[in-house]
Amino acid sequence: MNEIAPTPPARHDFAAAEPRWQAEWEKRGVFAVPDVPPADARKYYVLEMFPYPSGKIHMGHVRNYTLGDVVARYKRARGHLVMHPMGWDAFGLPAENAARERGIHPGQWTYANIANMRAELKRMGLSLDWSREFATCDVAYYGQQQKLFLDFWKAGLVERKESWVNWDPVDGTVLANEQVIDGRGWRSGALVEKKKLSQWFLSITKYAPDLLEALGGLDRWPERVKLMQSNWIGRSEGARVRFKLAQPVDGTEEVEVFTTRPDTLFGMSFLAVAAEHPLAAAAAASNPAAAEFVAECRRMGTSEAAIEQAEKRGFDSGFRVKHPFNGREYPVWIANFVLMEYGTGAIFGCPAHDQRDLDFARKYGLSVTPVVLPPGADPASFAVGDVAYTDDGTIYNSDFLDGLAVPAAKRAVIDRLEGLGTGTGVVNWRLRDWGVSRQRYWGCPIPVIHCDDCGALPVPQDQLPVVLPDDVDFSKPGNPLDHHPSWKHVACPSCGKPARRETDTCDTFVDSSWYFARFCSPQAEPPVTREAVDAWLPVDQYIGGIEHAILHLLYSRFFTRAMQATGHLAVAEPFAGLFTQGMVQHESYKGADGRWLYPEEVEFGTAADGSRTATVKGTNEAVTIGRIEAMSKSKRNTIDPGAIIAKYGADTARWFILADNPPERDMEWTESGVAGAFRFTQRLFRLASNALPALPPAGTPAGEATGAARKLRQATHRTIAAVTEALESFAFNVAVARIHEFANAIGEAEAQAAAEGMGAARREALEMLARLSAPMMPHLAEELFSLLDPGRESLVAQMPWPEADPALLKAETVTLAVQVLGKLRATIEVAAGASEAEIFALAEAEENVQRAFAGKPVRKRIHVPGRVVNFVV
RNA sequence: GCGGGCGUGGCGAAAUGGUAGACGCGACGGACUCAAAAUCCGUUUCUGGCGACAGAGUGUCGGUUCGAGCCCGACCGCCCGCACCA
């Protein structure tokens, strides 16, 4: 052994190295791409959902942007020209809340947050083209959005309609669903009411059939997202049926319902209308009790979840309708579970074959008549108890439908209704038009002028953009744009008389419905440059949270169609590939008095029984360790990425967030996990620096190796193949595991440093270790490579992806599992080319296998090459 | 309530219908050290057995198959969305 004490192993100084490599990437412009790529370029557009600038990045962002960066760096190495931009979803409620609570202007608050978060993101070492950055609250962005709105209007895709909003009668403000808590306004505590307002809508329903059908072509989208969108669009075939009122109400003689079960029309026991339905209003006008019930329904707010979860209640309006076929009369109820927005706002109730109708009928003592007989049931005795029968069967108790199957009965009813002129077969969609009006300041102004004489007119092109005024007063409730002293007063562009600007601004979902197109030409004066969007769109890989599975993605799919219709771009689908990541979670902690504690306030120990204990740091106060749940400010179970990066470096944070879980699943952030990832970064550095004296110069080929060197070379090339496959399939946690195994193999090879050809094999292994981990730990990869090859020209970020040598992937022998009746009894090692007969003979010779036979004859032999042998006895 | 998803050791997990638990965390044991940290080596699904080995085991119950974590059905639990949070 060497008598001289070895120099202590050098440590990777991430704090110095990470900014150095970030500066180097920027200096060489490695991540910048042109608006219009060269003709021979293989473009690849990687995009993560852009962040709302809340103030600080959170772990969800770290996860999202790390995932995207791995894809971007990998695809770049595979020879693609990769566009990977970043921007800010910068309009929205929190900025107005900050303005009201702290007196800061929303714009000032937002841009300060952006500056902070941009610096935090830069410390992560993401391979972003920052020259494309914009915020949706930039006039340069929302001004172009106003042009899109007017183009859509011209193309017949914008409509003005009435709709209901949550109204806080004390604050005099429209509330977001999030601001309604248990039916009360979050600030005032007043009971929320529904209020009808005239608002702007984008006609997404015109594209409902296309949005549904085109889902079939999105082969790189998760099935569950497509299924959710499909259900949301909600195509259903059914019938509209008009019922005559026994007595006309306010001159109205009929009420129309939509049903998907026209076959059960003879099982009807009541008709129910929504509280917003004209018949409900008519009942309320003449009956104080009905008025009270309708008022109560209004207090439920507009959220569908709240409406459907509320106890099912109804009120008999006193009106009666006649059955279209037999003329029998049925009561008209006002029901809190009937949605005005769906179908016609009225249903007929058939309790025997619809669970909700059955619950309602039982509650109010309405009749229950079964009309669908389950197969094999006896018509004389079949009865419905507490469970409605919703499956197929044979129709009975139904006049001309008796004996028909359900589908035939549906057709027969529709034919008869159409013959009588009292109904039609229709396709109904659950999807509603997209209401984009918001009565708020911090959003894109809707470019419309209202004139008493000329109506609603577009703002003329030469008066665009309509810019938000800076001098706004948040001390008053309501929309600051509306009570601004001068902003809304303009001349009518048509007649010149005094007119008013639209004071509503756009839903922020509008901003995020075309930002991916804007990134292609972020400075363009038209909203997008055709050459740029035609070249770059669609986004090849889009990555974001599953919580956006429906709304954001559906609105974006609509927007590209609308932009296509108005000549702005060529594609219909914005995102060719979609990946939805899981959430980042952490344990939550509660102090003795029930207050939530931040993780850094808590100290851990071990109790006598081995369980974990926790106390408030520096005290003896007991802490309750709560559930592992999504990080949230209110539960204080957050970890600040900035602090983690400062303590361990960006590579460690990135590595840990990729290492432990499959990216689509929720992950738990643990301090010990991060520490483990940090140790691994140091281990890689040590492997390289320890090996350095034993390595031949850079560029030495590994050559035909034998013995230990060949074993290492096989490990190297198997790792190349395995990591490549894992990255291609988004199995980043598996890629990490393979690199761990590879590091173990390199570590084991240290003991055989003297073996023939080992120096070159180790050099190859370490260089590949750096290059394979580069998408995940880009700074360390550069650092390792500069250690191994100080004279090199290109950065790892510019190197092509390594290729595995097929000759080194082949195994000389394979291990087969030997089963008897499916139970493992032995394993055998056979040569790769062994014949089936040899394999069976070898397997049957195993002592354990013979014992398992227990003297019984073998009836069947199964051989799955490379895997398993199974004997059936 | 409706729609969608998930469930595997002490923990995070891996596994084209073919050896369940790779890899990591933690724990335990050992080496090094005056000591500690760091590092390195080993053990670690449960039960029985000194051991060879045997039995059980992927939320629960049932089914298909030579063979099921994986496919099918029912149930339980948790998570996401429900149109003005982003």
Side-chain angles (χ1 to χ4, degrees), chain A residues 8-9 11 49 51-52 54 89 91-94 165-166 174-180 222-225 227-232 234 302-310 312 337 341 355-356 430-440 507-509 512 545-552 554-555 580 582-583 585 610 627 629-630 656 659-662 664-668 670 672-673 675-677 679-680 682-683 686 731 733-734 736-741 744 747 815-827 847-848 851 859-862 864 866-873:
Chain A
R11 281 177 76 77
M49 291 178 184
Y52 179 80
S54 56
D89 188 13
F91 276 135
L93 275 178
V165 294
N166 297 311
V174 177
L175 297 176
N177 282 335
E178 174 186 69
Q179 298 170 326
V180 179
E223 285 303 322
R224 67 174 189 282
V225 173
L227 196 55
M228 281 191 257
Q229 291 221 348
S230 167
N231 289 338
W232 183 264
T302 59
S303 141
E304 197 173 304
I307 292 168
E308 295 218 353
Q309 264 166 289
K312 310 284 171 282
F337 61 86
E341 285 95 353
Q355 192 60 47
R356 214 157 45 169
R430 208 185 78 97
L431 183 67
R432 310 199 295 259
D433 274 336
W434 176 11
V436 295
S437 290
R438 299 291 181 271
Q439 294 69 42
R440 311 193 191 288
D507 179 5
T508 55
F509 271 124
S512 55
I546 185 68
E547 68 273 19
H548 293 292
I550 298 175
L551 291 179
H552 161 61
L554 192 62
Y555 290 150
T580 52
M583 287 182 308
Q585 309 181 314
R627 306 181 341 131
E629 52 191 321
F656 173 60
D660 252 25
N661 294 58
E664 67 276 12
R665 220 182 289 182
D666 290 348
M667 74 167 288
E668 187 197 354
T670 61
S672 57
R679 283 200 299 273
F680 188 68
Q682 294 297 350
R683 180 154 175 244
R686 225 170 23 243
N733 55 325
V734 179
V736 165
R738 294 291 97 87
I739 288 174
H740 265 284
E741 285 173 291
N744 290 343
T815 308
L816 291 179
V818 182
Q819 300 176 339
V820 178
L821 288 170
K823 269 193 193 301
L824 181 74
R825 294 300 172 186
T827 58
E847 197 184 323
N848 247 353
R851 194 167 3 164
R859 274 186 28 227
K860 196 172 170 189
R861 296 176 172 84
I862 294 155
V864 182
R867 292 282 184 184
V868 77
V869 172
N870 191 15
F871 296 106
V872 185
V873 294

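What you see is a predicted model, and the numbers here were worked out from it, not measured in a lab. To find a chain, count down the sequence lines: A is the first, B the second, and so on, and within it residues start at 1. Below, each value reflects all heavy atoms present in this structure, side chains not excepted, and no hydrogens, waters or symmetry copies.
The CD atom of E178(A) sits 7 Å away from the P atom of A86(B) (whole-angstrom rounding). Residue L824(A) contributes atom CG, which lies 20 Å from atom P of G17(B) at whole-angstrom precision. The distance between atom CZ of R430(A) and atom P of A83(B), rounded to the nearest whole Å, is 9 Å. Rounded to whole Å, the distance from CD on E304(A) to C1' on A83(B) is 8 Å. C80(B) atom P lies 19 Å from atom NE2 of H552(A), rounded to whole Å.
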For side chain to side chain donor-acceptor pair (under 3.5 Å), just list the numbers for R683(A) and N744(A), CA-CA rounded to whole Å, side-chain angles, deciding distance to a tenth of an Å, and then say yes or no. CA-CA 10 Å; R683(A) 180 154 175 244; N744(A) 290 343; 2.9 Å; yes
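When heavy atoms are screened at a 4.0 angstrom cut-off, G435(A) is found touching the sugar-phosphate backbone but no base atom. Contacts of V872(A) with the nucleic acid, taken as non-hydrogen atoms under 4.0 Å apart, involve only primed sugar atoms and P, OP1 or OP2. Base contact: F509(A) has a heavy atom under 4.0 Å from a base atom. Residue I862(A) is classed as a base contact, given a heavy-atom separation below 4.0 Å to a base. Using a 4.0 Å heavy-atom distance criterion, T827(A) is classed as a base contact.
Not a single donor-acceptor pair, N or O on each side, falls under 3.5 Å between the base of A13(B) and the side chain of R665(A).
For the OP1/OP2 pair of A38(B) and a distance below 4.0 Å, the side-chain nitrogens and oxygens of R11(A) include no atom meeting the criterion. Listed pair N744(A) / G24(B) meets the phosphate criterion, a side-chain N or O lying under 4.0 Å from OP1 or OP2. Between N870(A) and G67(B) there is no side-chain N or O to OP1 or OP2 distance below 4.0 Å. For the pair R825(A) and U19(B), the criterion of a side-chain N or O lying under 4.0 Å from OP1 or OP2 is not met.
Spacing of C1' atoms, G5(B) relative to G59(B), comes out at 15 Å, to the nearest Å.
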